[in-house]
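Computed from heavy atoms alone, side chains included, the values below leave out hydrogens, waters and symmetry copies. Residue numbering restarts at 1 for every chain, and letters A, B, ... go by the order of the sequence lines.
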Number of protein chains: 2
Amino acid sequence: MRARTEHVAKTGGGACAAEISVAVLGGAWKPSILTLLHERGVLRFGELGRELGGPTPKVLTRQLRELEEDELVIRTVFAQVPPKVEYSLSDVGRDAMPLVDELARWGADYASPQRQGERCGRTPSNSEEK
Amino acid sequence: MRARTEHVAKTGGGACAAEISVAVLGGAWKPSILTLLHERGVLRFGELGRELGGPTPKVLTRQLRELEEDELVIRTVFAQVPPKVEYSLSDVGRDAMPLVDELARWGADYASPQRQGERCGRTPSNSEEK
DNA sequence: CTGTATCCCGGCTGATACTG
DNA sequence: CAGTATCAGCCGGGATACAG
């Protein structure tokens with residue numbers, strides 16, 4: 001478990017267990033990364049960057065490293081040239097997907113009434129509930 | 001909707017709708033505040049501070065203001081002396097509670113195997129699922 | 001009682017450039 | 001291809017002190 005996650009888990013700010021989840025899933029691109037990996041299975045660093053369409057390598061690296069430390073994603077390095085690194089969901093990561101999905105659902109639902117927030121495409125199935 | 005929330009909703013980082021939820025619920029004491037209000041119904045500023053046992057007035061004020069801006073809590077000011085301000089959940093806030101609860105559930109579940117994370121008491125019912 | 005005003009710190013995010 | 005290095009800005013969170 002990553003330092004920050006553990007910190008939250010202990011001191012926890014006001015420390016409801018919910019804050020642990022937020023600490024783990026709360027990174028800038030993390031929900032998107034997880035969703036993407038969930039849909040596509042296995043992706044390489046470059047693919048992730050392209051699909052997400054935005055994050056600089058540094059940021060993407062960090063998010064992935066944190067997700068790896070928190071054991072949601074698995075990083076596989078192939079010792080070859082050119083370099084090849086694959087990312088995929090771990091069991092814990094797969095376990096988190098329903099939660100991520102609900103976060104997306106609620107977030108879309110929350111934002112849509114007032115602002116026709118365009119789902120970033122990454123929001124998978126679903127469409128309209130309620 | 002609060003500026004930051006809207007920012008996330010639009011630009012959204014990698015902007016999955018899930019990030020909107022995180023933006024709204026992700027504050028330091030917010031899950032605890034929401035849970036507390038959900039359990040107790042209506043609470044005053046001082047009560048919240050005491051129950052949460054930690055946040056400085058400034059921080060607590062900020063969290064509450066943000067939750068108010070995001071329309072999850074309702075702030076009622078009584079024009080009298082001494083001052084009296086009551087906080088309660090809005091419909092949107094109540095709507096968010098199942099999600100908060102799942103966040104807490106997953107967070108506890110995530111943390112417990114490796115570390116017998118003491119729930120901060122604020123995690124309500126539940127026990128074990130799965 | 002319910003906040004505000006300052007000051008501070010650390011972390012997150014991003015841009016740009018460079019490397020094995 | 002898959003990162004790392006450096007620099008920078010912004011924001012969140014906390015401590016302390018003060019105010020209506």
### Task
Kindly write out the residues that satisfy side-chain contact (heavy atoms from CB on, under 4.5 Å) with Arg44(A), not counting sequence neighbours, or none if the list is empty.
Glu47(A), Lys84(A), Glu86(A)

### Message
Assess the residue pair Val42(A) and Tyr87(A) against the criterion (side-chain contact (heavy atoms from CB on, under 4.5 Å)); give the C-alpha distance rounded to whole Å, side-chain angles, the decisive distance to 0.1 Å, and a yes or no.
### Response
CA-CA 6 Å; Val42(A) 178; Tyr87(A) 293 89; over 6 Å; no

## Note on the structure
With sequence neighbours left out, the residues meeting side-chain contact (heavy atoms from CB on, under 4.5 Å) with Val81(B) are none

Distances for protein N/O vs nucleotides 18-20 of chain D N/O pairs under 3.5 angstrom?
none

### Message
If you only use heavy atoms from C-beta on, which nucleotide in dT4(D), dA15(C), dG3(C) is closest to the side chain of Arg65(A)?
### Response
dT4(D)

### Query
Yes or no on side-chain contact (heavy atoms from CB on, under 4.5 Å) for Leu72(B) and Leu89(B), after CA distance, side-chain angles and deciding distance?
CA-CA 6 Å; Leu72(B) 279 100; Leu89(B) 284 186; 5.6 Å; no

### Message
Can you measure Glu51(A) atom CD to dA2(D) atom P for me and round it to whole angstrom units?
### Response
13 Å

### Task
Return the set of residues passing salt bridge (Lys or Arg N to Asp or Glu O under 4.0 Å) with Arg94(B) (not counting sequence neighbours), or none when no residue passes.
Asp91(B)

### Separation of atom CD in Glu47(B) from atom P in dC1(C), rounded to whole Å
10 Å

#### Entry: Terminal axis angle for the helix from dC1(C)-dG20(D) to dG20(C)-dC1(D), five pairs an end, nearest 10 degrees
50°

### Task
Write down the distance between CG (Leu67(B)) and C1' (dG13(D)), rounded to a whole number of angstrom.
15 Å

### Side chain Ser21(A), main chain Trp106(B), donor-acceptor under 3.5 Å
no

### Task
Determine, stepwise, if the pair Glu102(A) / Glu102(B) fulfils side-chain contact (heavy atoms from CB on, under 4.5 Å).
CA-CA 9 Å; Glu102(A) 295 220 19; Glu102(B) 296 221 19; 3.2 Å; yes

### Task
For Lys30(A) and dT13(C), give me the distance from atom NZ to atom P, rounded to whole Å.
7 Å

### Task
Give a yes or no on whether a salt bridge exists between Asp109(B) and Arg105(B), defined as a side-chain N under 4.0 angstrom from a carboxylate O.
no

### Task
Kindly say whether Asp70(A) contributes a backbone atom to a donor-acceptor pair with the side chain of Tyr110(B) at under 3.5 angstrom?
yes

### Query
When you measure from the side chain of Tyr87(B), which nucleotide among dT4(D), dG3(C), dA15(C) comes out closest?
dG3(C)

### Query
Mind checking what makes side-chain hydrogen bond (donor to acceptor under 3.5 Å, both in side chains) contact with Arg4(A), not counting sequence neighbours?
none

### Message
Could you work out, with side-chain contact (heavy atoms from CB on, under 4.5 Å) as the rule, every residue matching Val59(B), not counting sequence neighbours?
### Response
Trp29(B), Pro55(B), Thr56(B), Gln63(B)

Would you tabulate the pairs of protein nitrogen or oxygen atoms and nucleotide nitrogen or oxygen atoms of nucleotides 8-12 of chain D closer than 3.5 angstrom?
from    : atom 1 : to       : atom 2 : distance (Å)
dC11(D) : O3'    : Arg4(B)  : NH1    : 3.0
dG12(D) : OP2    : Arg62(B) : NH2    : 2.0

### Query
What is the distance, rounded to the nearest whole Å, between atom CG of Leu60(A) and atom P of dA5(D)?
16 Å

### Task
Using whole Å, report how far CG of Leu48(B) lies from P of dT2(C).
9 Å

### Task
Measure from CD on Glu86(A) to P on dC1(D) and round the result to the nearest Å.
14 Å

### Query
Residues in salt bridge (Lys or Arg N to Asp or Glu O under 4.0 Å) with Glu66(A), at least two apart?
Arg2(A), Lys30(A), Arg62(A)

### Message
Nearest whole Å is fine: how far is dT2(C) C1' from Phe45(B) CZ?
### Response
6 Å

### Task
Answer with base, sugar-phosphate or nothing: what part of the nucleic acid does Val59(B) contact at a heavy-atom distance below 4.0 Å?
base

### Message
With a 4.0 Å limit, can you tell me whether Arg44(A) has a side-chain N or O closer than that to the phosphate oxygens OP1/OP2 of dA2(D)?
### Response
yes

